[in-house]
Amino acid sequence: MPKINVYLPDDLAAAVKEAGIPVSSVCQQALAEAVAAAGGAPPAGGADMSGTPGWNRFTARARTVVRTALEKDRPTTVDLLAAVVEEGGNLALTVLATLDVEPPDVLAEARGLGEGTDLAAALERSTTEALRLEHDYIGCEHLLLGLAAGPEDDAVRRALGSTGANLERLRIAVASAVAGVAFTRSQQATSGLSAPVRTILEDIRARLSRLERGTTPWAPRGTAP
């Protein structure tokens with residue numbers, strides 16, 4: 001993919017960095033609008049998602065989930081959760097399993113509570129949650145955090161909260177799961193051996209136990225699983 005350098009004044013660059021603004025996606029959207037204004041053709045490849053904060057950092061699974069949700073006429077947070085469950089093999093589902101939460105049950109409860117709230121806002125929250133954990137990508141686990149961080153009247157947030165999978169617990173579970181995946185990969189790279197999945201799950205539960213005792217766990221820097 002061709003690169004275009006963008007130079008900013010020092011004070012503006014510092015402000016952008018502090019605010020965590022995804023420069024690449026913002027620039028892509030601005031350039032796309034400029035091309036359209038000049039009478040040029042829109043980018044090929046389906047729906048233009050360049051305006052979504054951090055879209056260039058979404059994993060392949062997360063992009064699939066978002067696009068599935070966008071197939072609805074008026075996509076909401078419930079549609080996003082449904083797409084996460086439908087995808088079937090992502091880390092968000094593993095995180096819920098460590099909390100003894102059945103994703104289909106949460107989805108059914110959310111659907112019973114209402115239609116959900118704005119999907120775009122949930123994606124912005126997902127980006128914020130990834131930045132908070134200092135992860136350099138946005139995966140389905142971050143989409144889950146974006147759903148849990150929704151407004152109090154949001155159907156998905158209420159459904160998650162009723163199972164005990166509130167935002168604070170999910171943050172710990174996601175941070176631990178990403179650390180576990182990173183550890184497994186490092187072991188595979190050095191010795192060809194993989195850490196058992198139960199070790200990862202035990203670590204997550206131990207961190208949650210420390211949280212309940214009032215101990216603040218370490219949130220590791222992560223790379224995409």
Worksheet item: Taking the side chain as C-beta and beyond, is there a heavy-atom pair between Val66 and Leu143 under 4.5 Å?
Response: yes
Fill in: Qualifying ring-ring contact (aromatic ring centres under 6.0 Å, His included) pairs, either residue in residues 141-164, two or more places apart
His135-His142, Tyr137-His142
Practice prompt. Flag the pair Asp79 / Glu71 as yes when at least one side-chain heavy-atom distance between them is below 4.5 Å, and no otherwise.
Written response: no
Worksheet entry | hydrophobic_cluster_shared for Leu119 and Leu113, side chain cutoff 4.5 Å | no
Worksheet item: Where do Ala83 and Ala69 come nearest, in terms of heavy atoms and distance?
Response: CB-N, 4.0 Å
Worksheet entry | Closest non-hydrogen atom pair, Leu96 against Pro103 | CD1-CG, 3.9 Å
Worksheet item: What distance separates Asp118 CG from Leu123 CG, expressed to the nearest 0.5 Å?
Response: 8.5 Å
Practice prompt. Identify the residue among Arg63, Arg61, Arg67 that makes a salt bridge (Lys or Arg N to Asp or Glu O under 4.0 Å) with Glu87.
Written response: Arg61
Worksheet item: Which atom names give the shortest non-hydrogen contact between Asp136 and Arg57, and what distance separates them?
Response: O-NE, 4.0 Å
Discussion item. I want to check something: taking the side chain as every heavy atom from C-beta on, are Val65 and Phe58 in contact at a cut-off of under 4.5 Å?
Written reply: no
Practice prompt. Measure from the side-chain N and O atoms of Asn90 to the backbone N and O of Leu93, and report whether any donor-acceptor pair falls under 3.5 Å.
Written response: yes
Worksheet item: Any side-chain donor paired with an acceptor under 3.5 Å for Glu109 and Ser162?
Response: yes
Fill in: Separation of Thr128 OG1 from Leu133 CG (nearest 0.5 Å)
11.0 Å
Discussion item. If the test is side chain to side chain contact (heavy atoms under 4.5 Å, CB included), which one of Leu81, Leu107, Thr68 qualifies with Glu86?
Written reply: Thr68
Practice prompt. Look only at the side chain of Glu102 and the backbone of Pro104, and say whether a donor-acceptor pair between them is shorter than 3.5 Å.
Written response: no
Distance-only check: which donor-acceptor pairs under 3.5 Å involve side-chain atoms of residues 147-160, not counting sequence neighbours?
residue: Asp154; atom: OD1; partner: Thr77; partner atom: OG1; Å: 2.7
residue: Asp154; atom: OD1; partner: Thr117; partner atom: N; Å: 3.1
residue: Asp154; atom: OD1; partner: Thr117; partner atom: OG1; Å: 2.5
residue: Asp154; atom: OD2; partner: Val156; partner atom: N; Å: 3.0
residue: Asp154; atom: OD2; partner: Arg157; partner atom: N; Å: 3.0
residue: Arg157; atom: NH1; partner: Gly150; partner atom: O; Å: 2.6

Practice prompt. Starting from the C-alpha separation in whole Å, work towards a yes-or-no answer on side chain to side chain contact (heavy atoms under 4.5 Å, CB included) for Val106 and Thr163.
Written response: CA-CA 8 Å; Val106 175; Thr163 67; 4.0 Å; yes
Practice prompt. Apply the test side chain to side chain contact (heavy atoms under 4.5 Å, CB included) to residues Glu115 and Val78: give CA-CA distance (whole Å), side-chain angles for both, the deciding distance (0.1 Å), then the verdict.
Written response: CA-CA 6 Å; Glu115 298 181 352; Val78 174; 5.8 Å; no
Response to the item:
Contacts of Arg171 meeting salt bridge (charged side-chain N to carboxylate O under 4.0 Å, His left out) (sequence neighbours excluded), chain-then-number -> Glu129
Item to complete: Measure the shortest side-chain to side-chain distance between Val95 and Leu170 over non-hydrogen atoms and say whether it is less than 4.5 angstrom.
Response: yes
